[in-house]
Amino acid sequence: MLNTEFARDPRDVAPELLNKLIVAEDRVARIVEVEAYCGEEDPASHAYGGKTARNSVMFGPPGRLYVYFTYGMHWCANVVCGPEGLARAVLLRAASPVFGLDEMRLARPRARRDVDLCNGPAKLCQAMGIDGSMNGTELIDARGRLAIFDDGVDPPPTPGVGPRVGISAGTDLPWRWWVDGDSCVSAR
DNA sequence: CTTTGGATCGTCT
DNA sequence: GACGATCCAAAGG
């Protein structure tokens, strides 16, 4: 996946990220659920209300990872999209483990079944070993620890579409997409 | 199976 | 001082 492909509206990028691979060091998972957040114009976005220390990565160049800490214990990860400066991003909500499952199980001892390793935004980060130290990391740099990789599996032609999860504003906007029928999707 | 409430702390008002 | 782009265990049906 080329960096320039992220320099677009997250509502276009998000469904195209379905079935792409996220690679973090020795672990690989296939993205099956995403949400778009549209910067200062989106009441559900962390960027609503302007730039702060926490959300500053979203205001930077596309193709970087925005990692935030929430609920006092969880990390979640977004891909920064474009146009640059508008703080738009795609939240990685769920993935299907592909490789490195032993490491994922070690990172998530609470997960009873393998399906529970990455079926939520904070679970995905915990399983993949993503935390705040990776905030702002380039996703495309082959030397980096993180990448999004296209292995030739196309996005679903007709993904599931619906409102975003866990927000209290902007609940009318259908900006969540998922691979319909996949057992690792976080919400039905 | 579904529902409920506790955990836990950085961030912004 | 309030509240999260959440997760999990426990309790109830």
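The sequence lines fix the lettering, A, B, ..., with proteins before strands; numbering per chain opens at 1.
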*Using the ring of A:Trp178 (Phe, Tyr or Trp, six-membered ring only), decide whether A:Arg93 places NZ or CZ under 6.0 Å from its centre and within 45 degrees of its axis.*
no

*Residues in contact with DNA chain C, drawn from residues 22-33 of chain A - heavy-atom cutoff 4.0 Å*: none

_Along DNA chain C, first and last positions that approach a heavy atom of chain A under 4.0 Å_ = C:dG4 to C:dA9

In a table with atom names and distances, give each donor-acceptor pair under 3.5 Å that connects a side chain of residues 156-171 of chain A to protein atoms at least two apart or in another chain.
{"unit_1": "A:Arg164", "atom_1": "NH1", "unit_2": "A:Ala36", "atom_2": "O", "d": "3.0"}
{"unit_1": "A:Arg164", "atom_1": "NH1", "unit_2": "A:Asp42", "atom_2": "OD2", "d": "2.7"}
{"unit_1": "A:Arg164", "atom_1": "NH2", "unit_2": "A:Asp42", "atom_2": "OD1", "d": "3.2"}

*Do A:Pro155 and A:Lys20 have side-chain heavy atoms sitting under 4.5 Å apart?*
yes

*Nearest nucleotide by nearest heavy atom, which residue falls closer to the 5' end of DNA chain C, A:Val165 or A:Arg110?*
A:Val165

*Report yes if some heavy atom in the side chain of A:Val79 is under 4.5 Å from a heavy atom in the side chain of A:Val13; otherwise report no.*
no

*asked:* Could you work out, with salt bridge (charged side-chain N to carboxylate O under 4.0 Å, His left out) as the rule, every residue matching A:Glu25, not counting sequence neighbours?
replied: none

*Pairs satisfying side chain to side chain donor-acceptor pair (under 3.5 Å), at least one member in residues 65-74 of chain A, at least two apart*: A:His46-A:Tyr66

*Considering residues at least two apart in sequence or located in another chain, which fulfil the salt bridge (charged side-chain N to carboxylate O under 4.0 Å, His left out) criterion with A:Arg113?*
A:Asp116

_Mind checking if A:Arg108 touches a base, just sugar-phosphate, or nothing, with heavy atoms under 4.0 Å?_
sugar-phosphate

*Just do the side chain to side chain contact (heavy atoms under 4.5 Å, CB included) check on A:Lys123 and A:Leu117 with the steps written out, would you?*
CA-CA 6 Å; A:Lys123 298 178 191 177; A:Leu117 287 171; over 6 Å; no

*Go through the steps for A:Ile22 and A:Met128 under the test side chain to side chain contact (heavy atoms under 4.5 Å, CB included), then give the verdict.*
CA-CA 9 Å; A:Ile22 177 165; A:Met128 299 290 288; 4.0 Å; yes

*Answer yes when A:Arg88 and A:Glu41 have at least one side-chain N-carboxylate O distance shorter than 4.0 Å, and no when they do not.*
yes

*Under the side chain to side chain contact (heavy atoms under 4.5 Å, CB included) rule, what do A:Glu35 and A:Asn78 come out as? Steps first, then yes or no, please.*
CA-CA 9 Å; A:Glu35 288 176 353; A:Asn78 298 249; over 6 Å; no

Between the protein and nucleotides 9-13 of chain B, which nitrogen or oxygen pairs are less than 3.5 angstrom apart?
{"unit_1": "B:dC12", "atom_1": "OP1", "unit_2": "A:Thr52", "atom_2": "OG1", "d": "2.2"}

*For A:Asp172, enumerate each residue passing the salt bridge (charged side-chain N to carboxylate O under 4.0 Å, His left out) test, keeping only those at least two apart in sequence or located in another chain.*
none

*For residues A:Val90 and A:Leu17, determine if any side-chain heavy atom of one lies less than 4.5 Å from a side-chain heavy atom of the other.*
yes

*Dot-bracket, DNA chain C: Watson-Crick or G-U, under 3.5 angstrom, [ ] crossing, | other strand?*
||||.|||||||.

*What residues, two or more places apart in sequence or in another chain, satisfy salt bridge (charged side-chain N to carboxylate O under 4.0 Å, His left out) together with A:Asp114?*
A:Arg105

_One pair to check against salt bridge (Lys or Arg N to Asp or Glu O under 4.0 Å): A:Glu16 and A:Arg8. What are the steps and the verdict?_
CA-CA 11 Å; A:Glu16 295 179 20; A:Arg8 295 178 291 130; 3.0 Å; yes

*With a 4.0 Å heavy-atom cut-off, tell me which residues in residues 88-95 of chain A come close to DNA chain C, sorted by residue number.*
A:Leu91, A:Arg93

*A:Asn55 and A:Lys51 side chains, donor-acceptor separation under 3.5 Å*: no

*Heavy-atom contacts under 4.0 Å between residues 117-130 of chain A and DNA chain C, which residues?*
A:Gly120, A:Pro121, A:Ala122, A:Lys123

*asked:* Can you confirm whether A:Val153 sits close enough to A:Arg30 that some side-chain heavy atom of one is under 4.5 Å from a side-chain heavy atom of the other?
replied: yes

